[in-house]
Amino acid sequence: MNPHTGTKPGTRPKDEAPTLDRTTFGHRLRAARKRFGWTLAQLAERSGVSITTISRAERGQLALGYENFTALGRALEMDMNAMFAGAGVKPAQLDGPVVTRAGKGVVYRGLSIAYEFLGTTAAGKQMSPIVGTVHARRIHGPEDFVRHSGEEFAYVLSGEIEVHFDNGEVVHLARGDSLYFDSRMGHAYVSVSRQLAKIVGMTTAESGHMRSAREAPASGPVGKVLPKPRPKSRPAAVAKKAARGRGA
């Protein structure tokens, strides 16, 4: 019996969030790949995630970052909630309110953030809400920057963070501050307070507005309406010749 928690060794306190360990996640990832009959190379080609990364993740040797497991989810044509739902829980279509009680989300420790996924029993959600504990303390290199389609929102519940962007911009956020941005920009979260910062985060798929803006051809400076081209006037000599032809 643990005198501090009152639990037996190997057990989890009742109020502690269920955790999806790397081994369980790896088994689910491998099972999803096998359903398609794909090799590691085929999944790597379809997802853009390296063979080595997928292999190590399937064997429980590597924690995936958000960019990689969303890329794998798209390639496997599956809602990633199926990966993060509790054992024996199959996500269902969102046909009613979904409640996640305090501390009852599914926790997965990623490369820089420990994610507590919320609403995991709802399949096909347009938003992916999480409570995150930012455990990264510094940027090690370009590989720390995450990029994925859609938009992202973060609200600081406690502590302080810096959000680094791959264009060199750094945004400092304290408790109660929030940030909204295009998540196609490379970004990385770092805790800068004494205690690890906790955030509420939300990601969405790429919106129609964003897609239209991205696909629209460049037509001049933003906000400037270009005048329509005026029809060219015909030279006077040509006009007179045409008039004589009509009168003949």
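For the single chain, residues carry numbers from 1 onward in sequence order. This one's a predicted model, so the numbers in the text were calculated from it and none came from an experiment.
Taking both residues in full, the closest heavy atoms of Ser149 and Ser183 are given as O-OG, 3.6 Å, listed atom of the first, atom of the second, then distance. Across all non-hydrogen atoms, the minimal contact from Ser178 to Leu173 is O-CD2, 3.9 Å. Scanning all heavy atoms of the two residues, the minimum distance from Ala71 to Ser47 falls at CB-O, 3.7 Å. The shortest heavy-atom contact between Ile51 and Ala44 is CG1-CB, 3.6 Å. Between Glu160 and Ser193 the shortest heavy-atom distance is N-OG, 3.0 Å.
Between Leu72 and Leu43 the shortest side-chain heavy-atom distance falls below 4.5 Å. Using a 4.5 Å heavy-atom cutoff, the side chains of Ile130 and Val200 are not in contact. In this structure, Leu157 and Ile199 have side chains that are not in contact, with every pair of non-hydrogen atoms separated by 4.5 Å or more. By the 4.5 Å heavy-atom criterion applied to side chains, Arg109 and His135 are counted as neighbours. Contact check for Val107 versus Phe117: no side-chain heavy atoms found under the 4.5 Å cut-off. Between Phe145 and Ile139 the shortest side-chain heavy-atom distance falls below 4.5 Å. Taking 4.5 Å as the limit, some side-chain heavy atom of Arg137 sits within range of a side-chain heavy atom of Leu196. Within the 4.5 Å cutoff, no side-chain heavy atoms of Ile161 are placed close to those of Val192.
Under a 3.5 Å cut-off, the side chain of Arg30 and the backbone N or O of Gly26 do not form any donor-acceptor pair. Put simply, the side chain of Ser191 gets close to the backbone of Ala197: a donor and an acceptor are under 3.5 Å apart. Side-chain N or O atoms of Thr100 include one that pairs as donor or acceptor with a backbone N or O of Gly119 at under 3.5 Å. The main-chain N or O of His140 is found under 3.5 Å from a side-chain atom of Asp144 such that the two form a donor-acceptor pair. The backbone N or O of Thr203 sits nowhere less than 3.5 Å from a side-chain atom of Glu152 that would complete a donor-acceptor pair.
Arg33 and Glu58 are joined by a salt bridge, as a carboxylate oxygen and a charged side-chain nitrogen come within less than 4.0 angstrom of each other.
Rounding to the nearest 0.5 angstrom, the gap separating the CZ atom in Arg56 from the OG1 atom in Thr52 is 8.5 Å. Rounded to the nearest 0.5 Å, atoms CG (Leu118) and CE (Met202) are 8.0 Å apart. Between Lys198 atom NZ and Ile113 atom CD1 the span is 13.0 Å, to the nearest 0.5 Å. Within the model, atoms CG of Leu62 and OG1 of Thr53 stand 6.0 Å from one another, a figure rounded to the nearest 0.5 Å.
A donor atom on one side chain and an acceptor atom on the other are found under 3.5 Å apart for Ser55 and Arg59.
Grouping the Ile, Leu, Val, Met, Phe, Trp and Tyr side chains by contacts below 4.5 angstrom, directly or via other members, places Val106 with Leu29. Cluster annotation: Met185 is not connected to Leu111 through the hydrophobic network of ILVMFWY side chains, with a link wherever side-chain heavy atoms come within less than 4.5 Å.
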Next on the checklist: Does Phe36 form a side chain to side chain contact (heavy atoms under 4.5 Å, CB included) with Leu76? I'd like the steps, not just the answer.
Outcome noted: CA-CA 8 Å; Phe36 280 85; Leu76 293 166; 4.1 Å; yes

Next on the checklist: Would Tyr115 and Val131 count as a side chain to side chain contact (heavy atoms under 4.5 Å, CB included) here? Give the steps.
Outcome noted: CA-CA 6 Å; Tyr115 303 92; Val131 173; over 6 Å; no

Checklist entry - Step by step, would you call Ser128 with Thr204 a side chain to side chain contact (heavy atoms under 4.5 Å, CB included)? => result CA-CA 6 Å; Ser128 297; Thr204 69; over 6 Å; no

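Ring geometry for Phe153 against Tyr180 counts as tilted: the plane angle lies between 30° and 60°, on a 0 to 90° scale. Relative ring orientation between Phe181 and Tyr189 is described as tilted, the plane-to-plane angle lying within the 30° to 60° band.
Shown are His148, His164, Arg147, Glu169; of these, the side chain to side chain contact (heavy atoms under 4.5 Å, CB included) with His187 is made only by His148.
Other residues, nucleotides and ligands place no more than 12 heavy atoms under 6.0 Å from the CD atom of Glu45.
You'll find the ring centres of Phe25 and Tyr108 inside the 6.0 Å limit.
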